[in-house]
Amino acid sequence: MSYYKFLKETIDKTLTLLVKSKVIENCPEIFKYSIEQVPDNKFGQLSTNVLMINSKRSKMKFVEFGDIFLKKISNLAEFENIKIVKPGFLNFEFKNSFWQNELYEMLLSNQKIDKSKFKKKRVNIEFVSANPTGLMHIGHARGAILGDTIANLFIEAGYEVDKEYYINDAGNQIDVLINSVIYYCNKLSDKNIKEPEEYYSGKYIENIAKNFLDNNDVINLKNDKRLRDLIVENIIKDIKIDLKNLGVIHNYFISEKEIATKDNVNLVIEKLLKKDLAYEGFSKKPLGKTDDNWKPEKQLLFKSESIDDDKDRTLIKPNGDLTYFMSDIIYHSTKIDRKYDLLLNVWGIDHSGYVKRIKNAITSLFGNNFEFNIELTALVNLIQNKKPIKMSKRKGSFITLREVIDDVGKDVLRFMMVSRKSDKVIDFDFDKVKEQSKDNPIFYVKYAHARCCSIERMTKSSNLKDEEFDKYFKYLILPEEINLIIMLSNYLNILESCIVKLEPHRLTNYLYDLAKLFHNYYSQGSKDQSKRIILDDNKFLMFARVGLIKVVKKIICNGLLILNIKAPKKM
RNA sequence: GCGCUCGUAGCUCAAUUGGAUAGAGCAUCUGACUACGAAUCAGAAGGUUGGGAGUUCGACUCUCUCCGAGCGCGCCA
């Protein structure tokens, strides 16, 4: 039984007894204590704040309450030592046999989290959704990898997960894109042609134009209806290649153009009007930009000013086109029709101002029989030679995601992009992430795995069955070994916290810490022969240590699998 | 002007949902290599957690306020 489960059951039982004997009053809060590992074993191995949060609910002084609690719990055979430590923690130390047994259980288990802790959910997670107007950049990679990794974590929790990409292929930007391609097509025959006021520049668009001309005998480009679809298709194809190279596979690509049908638009308008959320009227002036040409015009507006917004927002433009806001409402209504328990969107931080508006719109329109969360990712700065690289599409100094993948590889990117909290800016240093040293966490973790495999090869331990290790583990008594076991036994708790908080960086940090503890343990052997893993004169101890290494390897492998990163056998 | 996010060691980042003496790596200093993979290891030094106030037994974490940085504030997406 895991230490967490054991302590939880033991403490819960004690609390129930104390309630029965009326030492403390019964309420659900008394069971909301924490169980934590003690940093550096300073005050024991494990610790709980159960006394501190509950002493007020008993009518005694803290010392008395602690004393009663301690007496009820201290006669259990599993404990080596229990004590109360200032300012009121209850700290435990288990006997070595408990940890040895825990290691054996970990060796036999497949290290899957207890799915019964999570209520089964149908989840839709929408991420990337980069506009099909060019290649992706490093910022898109962050969203892609975060979304994909959260999806993997959800699958671990037993959720049913759909991964989705929303293609904005209907708006004004696509017209600009088409005009850009046409401009480049014309430029190929007429070098003096004027640049359009607004267009996408760069080699990528130029190449699309070239390709298009090579494969089509088109005279009148603007009248060719295939042009639009062909260009968008082409770009999406390229985006899909990049995503595949990142190990990111979406289940659905949803096209705005296909969703925003007249029927769907009317349906949503009807609903908005019925709920008194929209009206025909005049929009307020833009609040940020000053535009001298701005004039009020009649249009369909969403009543957002009354629900915490600066002004009512346009749904349908005076010319009849949908705003992005409107088509997003329609898109989300189709998700709601598909009956998910949780809608999760992963967006870039530049959409932060839009979060409140869309959340308001969705909940006021569709209620809240479902969760609707938006996870924002902060910026990624590219650093080379210790200097940030300035990205400018116009000046052509734009570094594409494809170039980054080609340079550093998928695994480095995946690890790096989820190893920071999503609200922190990432400095992506090209030189550092390629370094083959412990300064580079992904390398250090992979190296730990390779080293474990190397030990297995040298000891030919793969011939031993897992069940056989039971009789050897009693020889693991070094503090380094017990600490390693304690760390290993925390793995599933870490996974659970990743899922609950949508924070995969907890996993990457854990894997780094585990790798470090393992490397340290291993290198003890350089100074002290008796601490080596491969011992010719003590087979039983060697098998015990090899068994420990097997579990280290298994957990690193398991964690990397969730991150979709290769665990190499040799490096 | 308004809104959202961030501010932790010289640098890059953590801190188990409010817990203990705020921890790692790099850089700096000291020591260890005829090596179970030194692609490393042991140790030292480094902090008023942007400033101030409040809530709490207890605050990097919550509240208020000020300062600084980024993003946003369109009938663009």
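Here is how names work: the chains are called A, B, and so on, in the same order as the sequence lines, proteins then strands, and each is numbered from 1.
Taking 90° from 0 as the syn/anti boundary, the base of U61(B) is oriented anti.
Taking 4.0 angstrom as the limit, Ser352(A) places none of its side-chain polar atoms (N or O) nearer than this to OP1 or OP2 of C4(B). OP1 or OP2 of C41(B) lies within a sub-4.0 Å distance of a side-chain N or O belonging to Lys438(A). Put simply, Tyr33(A) has no side-chain N or O that comes within less than 4.0 Å of OP1 or OP2 on U17(B). Side-chain nitrogen and oxygen atoms of Lys311(A) include at least one within less than 4.0 Å of the OP1 or OP2 phosphate oxygen of C75(B). Within the 4.0 Å cut-off from OP1 or OP2 of A24(B), not a single side-chain nitrogen or oxygen of Lys516(A) is found. Contact annotation: Asn520(A) reaches the phosphate of A42(B) (side-chain N/O to OP1 or OP2, under 4.0 Å). Note on Arg451(A): a side-chain N or O is less than 4.0 Å away from OP1 or OP2 of A38(B). Taking only side-chain nitrogens and oxygens, His519(A) never comes nearer than 4.0 Å to OP1 or OP2 of A39(B). Contact check, Tyr522(A) against U40(B): no side-chain N or O comes under 4.0 Å of OP1 or OP2.
Between Arg545(A) and Glu481(A) a salt bridge is recorded (basic side-chain N to carboxylate O distance below 4.0 Å).
Residue Gln529(A) is classed as having no contact, given no heavy-atom separation below 4.0 Å to the nucleic acid. Ile53(A) comes within 4.0 angstrom of a base, heavy atoms only.
G50(B) and A45(B): their P atoms are spaced 24 Å apart (whole Å). Here, G25(B) and C67(B) have their C1' atoms 30 Å apart, quoted to the whole Å.
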* Checking side chain to side chain contact (heavy atoms under 4.5 Å, CB included) for the pair Phe31(A)/Val50(A): CA distance, chi angles, key distance, verdict? -> CA-CA 8 Å; Phe31(A) 297 102; Val50(A) 66; over 6 Å; no
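In the set C2(B), G19(B), A42(B), the nucleotide with an atom closest to the side chain of Asp310(A) is C2(B). For Tyr447(A), taking side-chain heavy atoms from C-beta onward, the closest of the listed nucleotides G37(B), C36(B), U17(B) is G37(B).
A donor and an acceptor atom, one from each side chain of Glu375(A) and Ser422(A), are located under 3.5 Å apart.
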Under 3.5 Å, which N/O atoms of the protein pair with N/O atoms of nucleotides 7-9 of chain B?
| from | atom 1 | to | atom 2 | distance (Å) |
| --- | --- | --- | --- | --- |
| G7(B) | OP1 | Lys424(A) | NZ | 3.3 |

What are the atom names and distances for every N/O pair under 3.5 Å that joins the protein to nucleotides 28-30 of chain B?
none

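Ring geometry for Trp347(A) versus His351(A): interplanar angle of 30 to 60°, hence tilted. By the 30° and 60° cut-offs, the orientation of the rings of Phe430(A) relative to Phe428(A) is perpendicular. Ring pair Tyr491(A)/Tyr510(A) is tilted by interplanar angle, where 30° to 60° counts as tilted.
Not one N or O on the side chain of Glu305(A) forms a donor-acceptor pair closer than 3.5 Å with the backbone of Lys303(A).
Residue Phe443(A) and nucleotide A39(B) are classified as a stacked aromatic pair, their ring centres being separated by less than 5.5 Å at an interplanar angle below 30°.
You won't find any donor-acceptor pair under 3.5 Å spanning the side chain of Asp439(A) and the base of A24(B), going by distance alone. Side-chain N/O atoms of Thr323(A) and base N/O atoms of A77(B) include no donor-acceptor pair closer than 3.5 Å.
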* For RNA chain B, produce a single dot-bracket line, 5' to 3'. Pairs: Watson-Crick or G-U wobble, both distances under 3.5 Å. Symbols: ( ) within strand, [ ] crossing, | other strand, . unpaired. => (((((((..((((.....[...)))).(((((.......))))).....(((((..]....))))))))))))....
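Atom CD in Gln299(A) sits about 12 Å away from atom P in G74(B), given to the nearest Å.
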